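Computed from a predicted structure; not experimentally measured. Indexing begins at 1, ligand by ligand and atom by atom, following the structure's order. In what follows, residues are counted from 1 in the order of the sequence shown.
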Amino acid sequence: MNFKFAHIADCHLDTYSRSNVLQNELNLSFSNAIESAIKNNVNFVLICGDLFNNASPTLSTLVFAIENLKKLKDRKIPVYAIAGSHDFMPSGHTILNVLNAADLTINAYNPVNEENAELNLIQHRDTNIYIGGIIGRIRGLDRQLYDQIKIRPKENAFNIFMFHNGIEEFKPKIMKNTEFLPLSCLPKGFNYYAAGHIHEFFETKINEGKSTLLFPGSPYPTNIGDFGQQNRNQYVLVEVRDNNIYTKRIRTYEHDFVVLNIEMKKAKINEIEAKLDNLVKNTDFSNKVVILKVKAKIEDGKAGDVNISEVEDKIMKRGALVVEKNLSGLTSGTILKTRFDKGSSAREIEERIAGENTGIVKIDGMDAEKEKKIILELINVLKISKKPGQTNAVYEDEFVASCRKIFDV
Ligand SMILES: [Mn+2]
C-alpha cells in the first residue's frame, strides 16, 4: 500500500503578538505547510501538539487556523491531531476541542474509558492505516498516561503513534538537564512514531530498525534565539511505499533570516557602534527578517548609550522586513558581579546587590547609603501584588503613593 502524509508539529501560532511582521511570518509558515501538503497530494495530515502557543489564542489567530484547516477539509484530507503542552488551560480544557467539534481536526487521543483505558486507534478511511496518540502536558505530566493506558498496534496494518514529549535517549545537548520520556515508555510495534515538542528536526530508527521515530521541528522559530539555528523550520512529508518509509523535509518559512551577531569582551561605545556600522554597511537586507544580537561589556557608559536605533534605521533602509533585537548581553561594566553563598535568602541577595552597586553613578544629594535604602524600599513596593477584588485604579494609586513617599516628592 502506498500513501503520503504530512507530519507537522509545534506551530505555536500566536507567539509574536507584539510584532505584526513576525506574527505574519509565523502564520505564513503554517499556511505554507498546509499548501505544500495539498500540492503534494497527501492522504492525511498529522499535527503533533502545540498548534497554538497558548490555550486561549486571539480570535484572529483562531480564525486564521480555521481558514487553513478548512482548506484541507474542503479537499477531504483528514487532520489527526493531539494537544501539546501549550494547548491546555489550567482547567484541563484545550482549544483543540473547538477544532475537533467543528470537524476540522480528529482527536487522535482517544482512550476507550478513563479507568483501565485502552487507546482507541482510528482507522484512516477504509484503509489498513491506524492512528492514535497521547497528548503532551506541561512538566512531563503526560508520562503517567503511558502507564495508565494500554496502547496496542493493530495486526497487519500500518500503525502510527503520535506523541508530544522529548525522548530521554535522543534529547538535544542543550536540553541535557530536562527530563523526558525514556524510549522504553513508547508502545512497541508501531511503524511510525510521530513526535512533537522538541523544536529541532530529528529522525532515527527504533524497534531493531523496523520503525521510524521523527521530530519534524517547528515550522517557524518560536523565540529570538532559535533564528538561524540548524535543523529547524520545516514540516516533514512522509511517503510510504511497500511498507518502506521515505521522509523529506520541506521548508516552511517565507522570508530568509539574517542573524547579525556581535560579541565583544570589553568595548567602548564608539567601538561597538563602529562594529555595528561595519556589519550593516554594504549589505542588502531586501525582504529579510533581521535578528540583531549584541553582547559586550561597555567600558564607558550604559547599554542605553549605544545608538542602536540608528543601526536599526540603516538596516530597514536597506530593505529589511523587520529588525528583532536581543540586547540582553549588552551590559555596563560598572555593574559588579556579586557572588552568593548557597542558601542565601532573597532578601540577603537583594541587600548585597544593592550594597555592592550603589554610589557608581553620582547623583546630587544622594550617597551610597541613601541609594541602597531607596532601592530596597522600591523592591518592597514592587513586590506587592493586587489584592483580590482590588480594582486596577486603586492598586495603581496606592503604588504611586508608596513610590512618592520613598522619593519624598
Ligand atoms: Mn512546542
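Of the options Phe227, Phe30, Tyr253, a ring pair (Phe, Tyr, Trp, His ring centres under 6.0 Å) to Tyr220 is made by Phe227 and by none of the others.
Looking at residues two or more places apart in sequence or on another chain, you find a ring pair (Phe, Tyr, Trp, His ring centres under 6.0 Å) between His199 and His12. Taking Phe285 as the reference, nothing meets the ring pair (Phe, Tyr, Trp, His ring centres under 6.0 Å) condition, with sequence neighbours excluded. Under the rule for a salt bridge (Lys or Arg N to Asp or Glu O under 4.0 Å), Lys275 has no partner lying at least two apart in sequence or in another chain.
Between Asp74 and Lys70 there is a salt bridge, since a side-chain N of the basic residue sits under 4.0 Å from a carboxylate O of the acidic one.
Within the protein, the N, O or S atoms lying under 2.8 Å from the Mn ion (ligand 1) are Asp10 OD1, His12 NE2, Asp50 OD2, His199 NE2.
Around atom NZ of Lys383, more than 12 heavy atoms belonging to other residues, nucleotides or ligands sit under 6.0 Å away.
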